[in-house]
Amino acid sequence: MASTTLLHENDSTRVDSTLVRYFYDKLDNQQLGDVKVWDTTTLSASFYDPTNPLFEYYQELSNSGHAHNNLEFYFPTSIGFNNNLISYDKFIITKSKVLYPIVYQPFTEISYMMGSKKEQHLNVLFCREFLPRFFVSLNFNIDYAPSVYQRSYAQNLYFAGTFRWNTKDERYGLNGYYVTNKIDVYENGGITHDSIFVDLIETDKSVIPVNLSGASNLIKVSGFGVNQYFILSNSDIQTEKKNGLGRINYSFDYQRNRYLYKDTDPTSDFYSKYDPVLNTDMTLDSLTFYTIKNEISWNSLSYGKYDNDIPLYLTFGAEHNYTRHKGYKEIVTGEQFGEVAYQNIRAKAGIIINLFKSTRITGKGELILSDYHAGDFILNGQWKQFLGTYKRNIGALVFDVNLSRQSPDWFEETYYSNNFRWSNDFSPSTYLKLQGAYETPWFSLGIKQTTIDHYIYFGENAKPVQHTGTIYITSTYAKLTINVKYFEIGAFASMQVTDHDNIVHLPLYYGKVKFGWNINLVKGISLIQPAVVLNYFTEYYADAYMPATRTFYLQNDVKIGNYPFLDFYLTIKLKRANIYVGYTNIYSLTKVNRYFTTPHYPMRDSKIVFGVKWRLYK
């Protein structure tokens, strides 16, 4: 039986000492109660691939570790310089994804998977309190994925380290992080003719010809940051039950991105319909930029601790952003050009209101006041109405609104490489999303309406294009999570429609379900769970992938979909260890070779996988 420990040295509340929770970003979020519980369910143990989580569905290439694209319509709402690489987002950890574990004893979790062709995935997370109130966490991940297809190898790794500390009276606190990512992938441009695969002309996948024979992408992203707070009121107000004067926060963040696309055969027919090749001997397209952010803010938090139930929370502040883009190397002469510095100052504000123990209203916004992208803004708001109270209810009605004005991203405006060059003068886009849902801890049902004016996308020439009118996307969705004595179910489904299906290609329906049956061996200690996973999406013109720019773009030649991806797993739970063996893409055994999620990139064949997910304490 797990032991208990004091929740706080000045608190009589006791909790399970094996409980692991976590929060993101600032220490303020822990105090506000914006905290999540570590997932220890048997059902989720076998989801080892970041691009194959339980409640999301992604386009993939022929192997793990490569570029991916969400089947749910996604429009990145960010203002200022965008240093995110969307097509590799699931493999890159940056500040927004760095988690700070809350533990009551030393904690380690090891996740390991081994598949065919020596494929391996390893993730290790460690956290402990090294000194009083000084916590350190270390997270290492490596994905090694050879492939049966030519030039489809991938090796990705990341490391993240965090620390947090506060004074005994909690008047001052400090947290920080360091991250480094390296993605090294071969690019094959897909197979040359789908018919070779679909019609079983060649059954040996390793000899099926591919479009690119010497291309690769190297992606490096690293950074660090610190955040600190100071409460303006003396700690005596804790006993006097006063609200206090709030706190001051200051944060500093640095991030460096480097992308290198290399191809030993720039004259390949794969590039023939794009811009003329400048260097016919070798492609070495390099991009480097770094971003520095400084933010100072005030908020109304004092010494109190909350469980997402603070009566009133206010915050406002300012942030300075500076980015230096190293420019491009002129391919013929070798001279560097186009180096530029972007900077701006933005105002930020937020509010949380909790009323009558049943209503929660939140809002936040950002406005760029000067220089790069001045006038751009983001506003997010939510009304959450519990049908009952926070603690006792039959669910909640949740209404969200997101509104933004954002100027074209630097990549959409100007780019220069061996095979692609453009210079655009696009107008700002306006984005509005309205969303309503009914939510319970185990079920949610919702609808959302997205409206975008002057939408920017990558057209059939794999270059940015701007639609001058307005587009609309409507989607309905449902999500189910059940964990009872004898079985576990995790499932989601979505329907999407748009009034501009000529420029926004989406599957009408898509979804995923995993059903597991629990067979107890020793009550509370061990069980066996056989489980099946079904993934499905309807047929549509899925976006194609361009390795040279690391982007997905519009195509109208090939439809894919209407294929059931079926996996089977057998998991044995022994105390805190989940050991599983799986057989994936079972339906491929029928030789109906239509298992694509991206045009010209067949998905992985059926294979056996073995893995373990093990939590250790002390």
Side-chain angles (χ1 to χ4, degrees), residues 25 74-87 89 92 94-96 221 223 225 251-259 287-297 315-328 337-350 363-381 401-416 421-433 450-458 463-471 549-551:
D25 198 10
Y74 175 72
F75 183 76
T77 53
S78 64
I79 56 176
F81 189 90
N82 184 1
N83 57 6
N84 296 318
L85 184 58
I86 299 300
S87 59
D89 179 69
I92 298 175
T94 55
K95 176 187 178 180
S96 63
V221 179
S251 62
F252 170 87
D253 298 286
Y254 170 86
Q255 182 172 312
R256 183 179 186 270
N257 296 49
R258 183 170 184 261
Y259 310 146
L287 276 175
T288 302
F289 48 86
Y290 64 84
T291 300
I292 298 173
K293 297 181 180 181
N294 285 275
E295 178 185 356
I296 187 168
S297 64
T315 181
F316 60 84
E319 179 180 289
H320 177 263
N321 287 261
Y322 175 87
T323 299
R324 180 162 291 276
H325 187 305
K326 292 293 187 177
Y328 307 93
F337 74 97
E339 183 170 357
V340 62
Y342 304 97
Q343 63 178 327
N344 58 48
I345 295 175
R346 64 183 70 189
K348 308 175 78 171
K364 61 181 179 179
E366 298 182 24
L367 171 65
I368 297 181
L369 302 174
S370 65
D371 300 311
Y372 185 62
H373 288 180
D376 284 7
F377 65 86
I378 292 179
L379 294 173
N380 297 318
V401 57
N402 308 97
L403 175 65
S404 68
R405 175 199 186 268
Q406 51 195 82
S407 299
D409 182 50
W410 63 273
F411 182 65
E412 296 164 343
E413 290 185 307
T414 305
Y415 185 68
Y416 176 91
R421 294 168 292 281
W422 60 75
S423 181
N424 298 313
D425 185 20
F426 291 149
S427 301
S429 300
T430 303
Y431 169 89
L432 173 65
K433 183 176 75 173
T450 301
T451 305
I452 306 175
D453 188 50
H454 288 86
Y455 174 58
I456 298 174
Y457 61 99
F458 282 79
K463 292 184 177 183
V465 182
Q466 184 165 54
H467 177 63
T468 56
T470 303
I471 67 169
T549 56
R550 298 166 289 273
T551 56

Peer 1: Taking ring pair (Phe, Tyr, Trp, His ring centres under 6.0 Å) as the test, write out the residues that go with H454, two or more places apart.
Peer 2: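 Partners of H454 under the ring pair (Phe, Tyr, Trp, His ring centres under 6.0 Å) test: none.
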
Peer 1: Not counting sequence neighbours, which residues clear side chain to side chain contact (heavy atoms under 4.5 Å, CB included) with K348? List them please.
Peer 2: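 In terms of side chain to side chain contact (heavy atoms under 4.5 Å, CB included), with neighbours along the sequence ignored, K348 is linked to E295, E319, R346, E366.
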
Peer 1: In chain order, what residues pass the side chain to side chain contact (heavy atoms under 4.5 Å, CB included) check against Y74, with sequence neighbours excluded?
Peer 2: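 Here the qualifying residues are P76, I86.
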
Peer 1: Can you list the residues that meet the side chain to side chain contact (heavy atoms under 4.5 Å, CB included) rule with S78, with sequence neighbours excluded?
Peer 2: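 So S78 forms a side chain to side chain contact (heavy atoms under 4.5 Å, CB included) with N82.
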
Peer 1: For F316, enumerate each residue passing the side chain to side chain contact (heavy atoms under 4.5 Å, CB included) test, keeping only those at least two apart in sequence or located in another chain.
Peer 2: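 F316 satisfies side chain to side chain contact (heavy atoms under 4.5 Å, CB included) with W298, A349 once adjacent residues are dropped.
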
Peer 1: Who are the ring pair (Phe, Tyr, Trp, His ring centres under 6.0 Å) partners of Y416, not counting sequence neighbours?
Peer 2: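 Ring pair (Phe, Tyr, Trp, His ring centres under 6.0 Å) list for Y416, sorted by chain: F337.
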
Peer 1: List the residues meeting salt bridge (charged side-chain N to carboxylate O under 4.0 Å, His left out) with K463, not counting sequence neighbours, and say none if there are none.
Peer 2: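 Partners of K463 under the salt bridge (charged side-chain N to carboxylate O under 4.0 Å, His left out) test: D275.
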
Peer 1: Using side-chain hydrogen bond (donor to acceptor under 3.5 Å, both in side chains) as the criterion, list what pairs up with N294, not counting sequence neighbours.
Peer 2: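 For N294 the side-chain hydrogen bond (donor to acceptor under 3.5 Å, both in side chains) partners, ignoring immediate neighbours, are Y250.
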
Peer 1: For S87, give me all partners under side-chain hydrogen bond (donor to acceptor under 3.5 Å, both in side chains), at least two apart in sequence or on another chain.
Peer 2: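 S87 satisfies side-chain hydrogen bond (donor to acceptor under 3.5 Å, both in side chains) with no other residue.
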
Peer 1: With sequence neighbours excluded, what pairs up with Y431 under the ring pair (Phe, Tyr, Trp, His ring centres under 6.0 Å) test?
Peer 2: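 Only F75 meet the ring pair (Phe, Tyr, Trp, His ring centres under 6.0 Å) criterion with Y431.
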
Peer 1: Quick one: list whatever passes side-chain hydrogen bond (donor to acceptor under 3.5 Å, both in side chains) with E339, sequence neighbours left out.
Peer 2: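 Listed in chain order: R324.
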
Peer 1: With N344, which residues qualify under side-chain hydrogen bond (donor to acceptor under 3.5 Å, both in side chains), at least two apart?
Peer 2: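 N344 satisfies side-chain hydrogen bond (donor to acceptor under 3.5 Å, both in side chains) with no residue once adjacent residues are dropped.
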
